There are 2 protein chains.
Amino acid sequence: MPDPAVVLVEDEPQIRRFLRATLTGQGYRLFEATTGAAGLVEVGSRQPDVVIVDLGLPDMDGLDVIRRLREWTAIPIIVLSARGQERDKVMALDVGADDYVSKPFGAGELLARIRVALRHAAGATREGDETPFTVDDLHVDLLRRQVFVAGKEVHFTPIEYKLLTTLVRHAGRVVTHQQLLREVWGPAHTDQAHYVRVYMAHLRHKLEAEPARPRYLLTEPGVGYRLAADWSGSGRA
Amino acid sequence: MPDPAVVLVEDEPQIRRFLRATLTGQGYRLFEATTGAAGLVEVGSRQPDVVIVDLGLPDMDGLDVIRRLREWTAIPIIVLSARGQERDKVMALDVGADDYVSKPFGAGELLARIRVALRHAAGATREGDETPFTVDDLHVDLLRRQVFVAGKEVHFTPIEYKLLTTLVRHAGRVVTHQQLLREVWGPAHTDQAHYVRVYMAHLRHKLEAEPARPRYLLTEPGVGYRLAADWSGSGRA
DNA sequence: TGGCTTCTTCACGCCGCCTTTACGACGGGA
DNA sequence: TCCCGTCGTAAAGGCGGCGTGAAGAAGCCA
């Protein structure tokens with residue numbers, strides 16, 4: 001995720017200043033509105049990851065802002081309020097707010113509750129997570145745990161697969177023997193350099209047309225191995 | 001949804017009594033535990049819709065309870081605590097809690113926050129979930145709880161059915177032994193790997209034409225199992 | 001209570017995977 | 001030219017995972 005975006009709907013200047021410092025300091029992109037009407041527009045145009053709404057706005061009831069937002073979006077809404085009465089909380093939460101923080105509040109708590117909101121949003125949209133990797137005739141689908149070479153599925157043993165995916169996750173960059181041993185066999189086996197040699201041979205047999213002249217699994221002598229990322233027809237022909 | 005289930009992990013008797021009256025009065029099914037260890041077991045066996053945890057438990061740190069739960073489930077967790085310090089809140093929220101309510105609290109507020117949690121859970125589990133699943137000659141109807149093989153209905157025992165539907169819900173992707181054990185037998189049985197073997201054999205006998213050469217229930221050696229999602233006639237011919 | 005289904009547990013045989021070892025090819029340095 | 005380290009390859013042995021049958025234990029219903 002790039003820097004998360006937050007829309008803040010708040011009329012009191014000093015709280016705006018406080019939150020601006022807090023949020024931008026943590027790397028959030030912040031968009032501010034001082035009225036409910038402007039807040040609705042801002043949320044619509046920015047499509048932020050979180051909305052923070054003060055209940056005590058000059059032009060309209062904060063509860064109405066929440067209701068209007070909930071007509072079309074599920075973006076997490078955190079309510080700020082000077083009123084700590086229970087019935088205020090219940091009403092705000094029941095019309096669609098996800099959290100309610102009473103003033104005065106600490107920056108740390110608000111930030112933590114924003115993180116919770118982002119976590120929820122991430123959980124909802126997840127699963128486009130591990131995007132498939134493709135170079136030339138090689139296709140690796142991390143999510144399905146399937147590998148295709150020239151369109152045909154190829155089977156891999158657990159260690160083979162782990163080794164391959166380790167290289168895929170660092171595609172284009174050199175991965176040292178140490179790194180491979182640590183990530184595939186575990187930190188207790190970083191001295192067994194020959195493991196990597198043996199298994200690299202297995203991989204090449206399964207996915208290179210000419211194992212002796214590899215196009216994907218390249219040796220970086222004295223250092224480690226590298227998975228070709230951008231197949232431009234380069235290299236030894 | 002039937003009556004939502006809540007697991008309450010709380011050692012103080014009077015708060016338990018108070019919440020029991022409040023929650024059962026609102027139609028919730030309530031399961032109680034007075035220690036962290038018992039709470040973990042209870043959540044595993046009941047698979048509730050919400051968990052309420054008191055941070056001040058006699059046997060283990062409440063934060064550890066949250067961490068242990070988050071290793072395998074995303075069930076909403078609401079923290080109760082006598083400590084209202086900001087750093088307590090931040091830590092609890094950051095290890096995986098979804099909300100934090102300081103004592104003393106009102107019944108209305110807690111109920112409202114439970115409703116928020118249920119709303120989130122409902123949104124998360126949706127996703128075209130209950131649509132019937134079909135590959136080739138296999139047809140699974142989650143809603144009717146019926147399974148057809150080559151047009152004929154086949155009967156399954158509870159565990160068989162749960163195992164099958166777990167695979168269906170992840171169709172096409174590998175499901176690890178751990179995952180299957182957790183979701184079918186509960187997190188207390190993740191070390192009984194042979195259960196899966198035995199029941200996979202049952203499933204294959206009931207829905208594979210040649211149990212010895214499965215077309216649907218594929219073994220992913222060393223990892224787990226996979227239900228074939230796109231039957232392309234591929235594989236061993 | 002008896003009979004039925006279902007779940008748990010165990011033992012056995014097979015096959016595949018991991019580990020280990022050995023050897024040959026290649027290249028750089030003395 | 002010889003030596004040595006790195007790399008690739010092949011093969012063998014042991015171990016563990018997997019599938020299977022079957023029997024005991026635990027419910028469930030009549």
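Chain A is the first sequence line, chain B the second, and so forth, proteins listed ahead of strands; every chain is numbered from 1. Note that the coordinates shown come from a computational prediction; the quantities given were computed from them, not determined experimentally.
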Asker: Tell me, please, which residues at least two apart from Arg226(B) pass salt bridge (Lys or Arg N to Asp or Glu O under 4.0 Å).
Answerer: Glu220(B)
Asker: Which whole-number value in Å describes the distance from Leu218(A) CG to dT6(D) C1'?
Answerer: 17 Å
Asker: Below 4.0 Å from chain A heavy atoms, what is the first contacting nucleotide of DNA chain C and what is the last?
Answerer: dC17(C) to dT21(C)
Asker: Report which part of the nucleic acid Tyr225(B) touches: base, sugar-phosphate, or nothing (heavy-atom distance under 4.0 Å, all strands).
Answerer: sugar-phosphate
Asker: Give each protein N/O atom lying under 3.5 Å from an N/O atom of nucleotides 21-30 of chain D, with the pair distance.
Answerer:
none

Asker: Does a side-chain N or O of Arg204(A) approach OP1 or OP2 of dG8(D) to a distance below 4.0 Å, or not?
Answerer: yes
Asker: Mind checking what makes ring-ring contact (aromatic ring centres under 6.0 Å, His included) contact with His177(A), not counting sequence neighbours?
Answerer: Tyr225(A)
Asker: Check residues 150-168 of chain B and write down every donor-acceptor pair under 3.5 Å in which the side-chain atom is one partner and the other belongs to a residue at least two apart or another chain.
Answerer:
from: Glu153(B); atom 1: OE1; to: Gln146(B); atom 2: NE2; distance (Å): 3.4
from: Glu153(B); atom 1: OE2; to: Gln146(B); atom 2: NE2; distance (Å): 3.4
from: Thr157(B); atom 1: OG1; to: Glu160(B); atom 2: N; distance (Å): 3.4
from: Glu160(B); atom 1: OE1; to: Thr157(B); atom 2: N; distance (Å): 3.0
from: Glu160(B); atom 1: OE1; to: Lys206(B); atom 2: NZ; distance (Å): 2.8
from: Thr165(B); atom 1: OG1; to: Tyr161(B); atom 2: O; distance (Å): 3.0
from: Thr165(B); atom 1: OG1; to: Lys162(B); atom 2: O; distance (Å): 3.0
from: Thr166(B); atom 1: OG1; to: Lys162(B); atom 2: O; distance (Å): 2.7

Asker: How many Å lie between NE2 on His177(B) and C1' on dG19(D), as a whole number?
Answerer: 12 Å
Asker: Determine yes or no for a side-chain-to-main-chain donor-acceptor pair under 3.5 angstrom, with Arg29(A) supplying the side chain and Asp3(A) the backbone.
Answerer: yes
Asker: For Arg16(B), which residues count as a salt bridge (Lys or Arg N to Asp or Glu O under 4.0 Å) partner, sequence neighbours excluded?
Answerer: Glu32(B)
Asker: For Leu203(B) and dT20(D), what is the distance between atoms CG and C1' respectively, to the nearest whole Å?
Answerer: 15 Å
Asker: What nucleic acid atoms does Glu160(A) come within less than 4.0 Å of, heavy atoms only: base, sugar-phosphate, or nothing?
Answerer: nothing
Asker: Any chance the side chains of Asp98(B) and His120(A) put a donor and an acceptor closer than 3.5 Å?
Answerer: yes
Asker: Look at all strands and tell whether His189(B) reaches a base, only sugar-phosphate, or nothing, counting heavy atoms closer than 4.0 Å.
Answerer: nothing
